[in-house]
Amino acid sequence: MFTIGLLASGKGSNVQAIIDHIKTGDLSVNPGVILSDNPSSGALEIAKKEGIKHYCIPEKKYKTILSPETEKEYVKILKENRVDLICLAGFMRVIKERFLKEFAGKIINIHPSLLPAFPGLEAWKQALNYGVRFTGCTTHFVEAGVDTGPIILQAVVPVLNDDTPETLHKRIQEKEHIIYPLTVKLISAGKVSISGRKVYINN
Ligand code: GRF
């Protein structure tokens with residue numbers, strides 16, 4: 001069965017959304033392994049609760065990347081578990097070339113803005129401060145740049161007059177929980193192809 005590996009650092013609501021879709025039968029993939037660099041990530045709690053194999057592999061040397069040694073451990077576990085797709089779900093480290101090469105075209109991410117607008121951290125705050133009328137979320141393939149890879153799906157969220165960073169982020173996350181499981185579903189069903197920067201969804 002098509003196996004996914006999930007990498008998360010934070011609360012793990014996207015991990016939960018994907019697991020929920022698997023549990024309802026909407027998504028036919030095997031959640032092979034959940035990895036986190038943060039011992040207090042909610043994603044590890046979810047893994048325990050759902051009985052999914054999980055590992056915490058912290059990175060001691062760097063804040064925003066993985067050292068070659070730590071990276072090796074991630075790659076080893078993901079290979080051992082024969083993952084067909086790696087889903088970054090709030091994994092707060094940039095994936096470097098060597099890791100990307102091991103899983104070429106098999107790593108995806110979700111970002112809380114309509115890329116290419118507002119890459120980087122706290123994209124919902126960036127959108128609010130900029131004054132855009134619409135923002136949203138994007139799933140994309142991961143390449144060496146930060147939040148620059150070919151776009152798979154996007155969902156639009158209007159920015160309201162009385163939005164705070166929290167209210168806007170909450171509405172963006174509601175959409176994330178729809179498009180991330182859907183993205184995994186489309187890829188696992190072989191319905192996604194890439195040509196250059198363009199991603200095609202075939203029905
Ligand atoms: C999400 O907003 C996602 O777009 C970003 O990190 C956040 C992770 O949230 N990449 P959660 O831990 O899945 O709740």
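Quantities reported herein were computed from a predicted structural model and do not represent experimental measurements. Indexing begins at 1, ligand by ligand and atom by atom, following the structure's order.
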With only distance considered, is A89 within less than 3.5 Å of ligand 1 through an N or O on each side? no
Provide, to 0.1 Å, the distance between atom 6 (O) of ligand 1 and the closest protein heavy atom, together with that atom's residue and name. G90 CA, 3.4 Å
Does this structure show an ion pair linking D84 with K106, if we count only N-O contacts that are shorter than 4.0 Å? no
For Q16 and ligand 1, answer yes if some heavy atom of the residue is under 4.0 Å from a ligand atom, otherwise no. no
Side chain to side chain contact (heavy atoms under 4.5 Å, CB included) between M1 and V29: does it pass, once the steps are laid out? CA-CA 6 Å; M1 195 180 201; V29 302; 5.7 Å; no
Part of H111 within contact of ligand 1 (heavy atoms, under 4.0 Å): backbone
Can you tell me the protein heavy atom closest to atom 9 (O) of ligand 1 and the distance? Q173 NE2, 3.1 Å
Go through the side-chain N and O atoms of N38 and S9 and say whether any donor and acceptor fall under 3.5 Å apart. no
Identify the protein heavy atom lying closest to atom 10 (N) of ligand 1, giving its residue, its atom name and the separation to 0.1 Å. I110 O, 2.8 Å
Side chains of N203 and K191: donor-acceptor distance under 3.5 Å anywhere? no
Please list, in number order, the atoms of ligand 1 under 4.0 Å from a heavy atom of H169. 2 (O)
Answer yes or no: does an N/O atom from E176 fall short of 3.5 Å to an N/O atom of ligand 1? yes
Looking only at N/O atoms, are G12 and ligand 1 under 3.5 Å apart anywhere? yes
Are any of the side-chain nitrogens in R93 or E59 under 4.0 Å away from the carboxylate oxygens of its partner? no
Any nitrogen or oxygen of N109 lying under 3.5 Å from a nitrogen or oxygen in ligand 1? Just yes or no. no
In terms of ring plane angle, is the pair Y74 and F99 parallel, tilted or perpendicular, where the classes change at 30° and 60°? tilted
Where is the tightest heavy-atom contact between K11 and I46, given as atom of each residue plus distance? O-CD1, 4.0 Å
Which residue is it: R171, R133, K170, K125? I am looking for the one with a salt bridge (charged side-chain N to carboxylate O under 4.0 Å, His left out) to D163. R171
Which residue owns the protein heavy atom closest to atom 14 (O) of ligand 1, what's the atom, and how far is it? S13 OG, 2.5 Å
